[in-house]
Structure formats: C-alpha cells, structure tokens
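Quick notes on the structure that follows.
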Amino acid sequence: MITVQREVFDTGAEIRKMTADRTDIGAVVSFTGLVRDFNEGKGVQALTLEHYPGMTEKQLAKIEEEANRRWRLQGSLIIHRYGRMEVSEPIVLVVTASAHRGDAFAAAEFLMDWLKTQAPFWKLEEDPDGSTDWVSERQSDLEAANKWQQSD
Amino acid sequence: MITVQREVFDTGAEIRKMTADRTDIGAVVSFTGLVRDFNEGKGVQALTLEHYPGMTEKQLAKIEEEANRRWRLQGSLIIHRYGRMEVSEPIVLVVTASAHRGDAFAAAEFLMDWLKTQAPFWKLEEDPDGSTDWVSERQSDLEAANKWQQSD
Amino acid sequence: MKILYFAWLRSAIGMPEETINLPEGVRSLHQLIEWQKGRGPAFEKAFADMDTIRIAVNQEYITDDITLTGNEEIAFFPPVTGG
Amino acid sequence: MKILYFAWLRSAIGMPEETINLPEGVRSLHQLIEWQKGRGPAFEKAFADMDTIRIAVNQEYITDDITLTGNEEIAFFPPVTGG
C-alpha cells in the first residue's frame, strides 16, 4: 500500500495494522526517516518536501510492485509526507512483512534505496538563520540504488 | 539497551522512546519477530522460549556493543522474550537509530543475525495436536551470521 | 501540452506549470529542450546543463529522445531528493 | 562446580542443574565430558555426539579444551534457536 500525505504518521500504528489478524507473518521490518538537525555539515531547522502529485503515486506503486516481485512479502507499505516539517518529525515510512527476516530486511532497504532515487520529491532545507536551499542529490544514494540493479 | 522479559512489548512505543527529544536521528529501523503458524512445513500453535538467565544478558550486551563498534548509531535496543507465547505474539525486537539509513539497516540486520546464532535461547514448538518439539538450528541462520565475520 | 517545473527549476523559471501548443518546428523532446533554451535568459540558464535535469513524459521518466504529439504532460525537474 | 543443562539436553538428562565437586581425575573440560559419558545411559546418549552440543564456561562460549578448577559454572546446551 502506498500513501502520500501531508499529515504526520505513526510507525507503531502502521506496524500493528499490517500484522493485525495475521498468523503467517514471522518478521516485520520498519524504516522511519526523520528530519534531523544537520545535513552535509550544516544546521537544519525545518524541511519542505515538494512533490509531483500523480507521478509520485505512480512511482511509489511501481517500486512497491518491484519489491513484491523480488521478495516473498506478506505485506508492504510506503508512506511519504510532503509539505513543511520540523526537526524530529517523520518524513517517510517503509514497512515490510514476511515469513522470514531476510526477505523483510532486503525489501525494506530496497524500497528506501529506490524511493530515494526514483520518487519525485525534493527537499528544501531551512537553515537556523531562515535561509533556504534545495538539497542536492547524493552520490551515496545513487550507489545504494545501483546495488539492486538486475541484469535481466 | 537490552531487555530480557516474559511480557509482551510494543514496537511502536519502543521506537517513540528511542527518538523522543532527539534531533540528530535521521533513520530508525525496527525488526519485530513474531510467532507464525508454521515452521519448516509444520503447523505451530505456540512456542515456549527457554533461555539461560545471566548468559543471555551477557551475550546480548556483547552483540549490541559489537554493533555500536561497527556502525555509527545514535541508539540501539534489543528486547527478547522468554516463556510461552501464542501465534502472532512478538518474540524479539531490535531497534537501531542513526543519522543515516545505511548504518541503521546494517546494524539491525547484524543484531538479528548474531542474536540468532549467539544468544542462548531455545524454542520448543507446540504442534496443533499438542505434541512438542525442540526447534533445530538452521543452516541459513549460520550463513547469515557468517557474512558479518571480519578478518581482523 | 502541459509543462511542469519543480524545485529549483520552478523557482528559476518562476512558474510551476504552463499550457502551450507544440511550438512551430518542435516534433521531439530534444527539439522542445532547444526551444526552451531560446525563451529568454531565465530559461537559457535553467536549461544550460541538462545533466542536472530529469524529464518525465506523462509521469514516466524519459532519458532518450522521443516524438511529441502536443498532448503530453512534460515535467522538468532536478534529481529527486526525497526519502 | 555448577553444571547446567538446557533444552533437549535438560529433558534428556532429567534435571536443569546440579552442583558437584570436580570429579577424581578430571582437570580439564574434555575430561569432564568423558566423565559425563560414563554416568549412565542417559548421559552416554546425551553426550554421544558432541557436534550437537555447545558449551559455556562462566557464561562464555568455549570451543577449545580448558583447565578446570572446580569453581566454574559450566553449561551444556544444543545450538541456540532464539530470535
């Protein structure tokens, strides 16, 4: 399931929803991305996430489908927020559920790595002095995504 | 932090505790292991986890220290239950927090892989007909743990 | 056709979107990019280094040149930085 | 010295722990294992295949032979299956 929303989400509640009334799930992995107070050595007091409504949902759905094609998952969820958010607020949530932990871990990491390089979101950082800057693409994110490339 | 307890835990509450009042955390990964209704092709209705009080805590603390030595973590938590638990109850929780997602993912997976092969817990399975069996060591768990071996 | 701009491209060009007819002589995506560069200093500067721009046509990433009909939704934006 | 048994070893031997003095002629872990095998059919069977048994001395895993003083806490158990 994918959701693009302005509102804060609750990681624990989402994990509970995925596992409720299920008896076949042995492993649940969650990843929560938060606004932290520094980036690339600079202070950050808030972020504004811009996105491309329509394309965002399409890209996230494609990424989720690909994860379900590659691993045996009993459940998967991506929630990504947009709009302005302050330090320590959650930005993104990925939850994966599987019979076995290997599949749940790999799928969650894959979802995050692909989302970082494929989902049309852009971060505008506010420094403590109030000035703003668009965040630049990270080489390490490209490398993380590349490790999932398949030759077929 | 490590906790060995009989009581059920709440993954969401533990994640909230780790991130509360923190502004330097960018990534939180959680792994929750649950009792599922099958194992190695057989039905399971409950598990009893036996452990070695004293050694369990020592081994979990060592595993957690090693994770903090290998990765830059802002927080780490292992909760492992013992006693009898029914299908869909949680058994084990690992939470890792870091500035960056790569460290949080790797440390969480490492903690689970090492815990599976090092922490003195033993699972007794109850089949639907009420008969019990000690769970056997899994080759795939040994292989998962071996991939973290360092030459130094 | 609808053209969308995001993030610094939106700021640089000064609008989030516009609706235009396929310009005279433009039949392909590459021709559209060349046409954009000729629309004045803001466009010329924004489109100067195409390595810093990603393109989506009808909400799918496009890296090769393609033929345009004039009915497309075309988006120009920087590399994404969500997550 | 205190000896502990867990999981199927506990069931096979029929007790979770015992306190014994270092037996005559036993000065090392390997000698203790040999002594255990001689304590009757249940012990002989339980300790027949040492590949299926892990050993902790004072709550640390031990894989090599070590000298014993008689003050140790020694645990015998199957490979662990928690998590």
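Letters A, B, ... are given to chains in the order of the sequence lines, protein chains preceding strands, and every chain is numbered from 1.
- The shortest distance between side-chain heavy atoms of R101(B) and D141(A) falls below 4.5 Å.
- Listed by sequence position, V87(B), S88(B) are the residues of residues 79-98 of chain B in contact with chain A, using a 4.5 angstrom heavy-atom cutoff.
- Proximity to chain B is absent for every atom of V44(A), based on heavy atoms less than 4.5 angstrom apart.
- Proximity to chain B (any heavy atom under 4.5 Å) is shown, for A99(A), by both the backbone and the side chain.
- Residues of residues 116-125 of chain A placed with any heavy atom under 4.5 Å of a heavy atom in chain B are listed by number as K116(A).
- Within a 6.0 Å sphere centred on CZ of R72(A), heavy atoms belonging to other residues, nucleotides or ligands number 12 at most.
- Interatomic distance, H100(B) NE2 to R36(A) CZ, rounded to the nearest 0.5 Å: 5.0 Å.
- Between chain B and the residues G26(A), A27(A), S140(A), the most heavy-atom pairs under 4.5 angstrom are made by G26(A).
- The contact between F31(A) and chain B is made by backbone and side chain atoms together, counting heavy-atom distances below 4.5 Å.
- Heavy atoms of A144(A) lying under 4.5 Å from chain B belong exclusively to its side chain.
- Residues of residues 11-19 of chain B lying under 4.5 angstrom from chain A, judged on non-hydrogen atoms, are T11(B), G12(B), I15(B), R16(B), T19(B) by number.
- Ion pair D37(A)/R22(B) not flagged as a salt bridge, since none of the NZ, NE, NH1 or NH2 atoms sits closer than 4.0 Å to an Asp/Glu carboxylate oxygen.
- Contacts with chain A (heavy atom to heavy atom, under 4.5 Å) involve these residues of residues 102-115 of chain B, listed by number: F105(B), A108(B), E109(B), M112(B), D113(B).
- Interface remark: of the candidates I25(A), D10(A), D21(A), I25(A) forms the most heavy-atom pairs closer than 4.5 Å to chain B.
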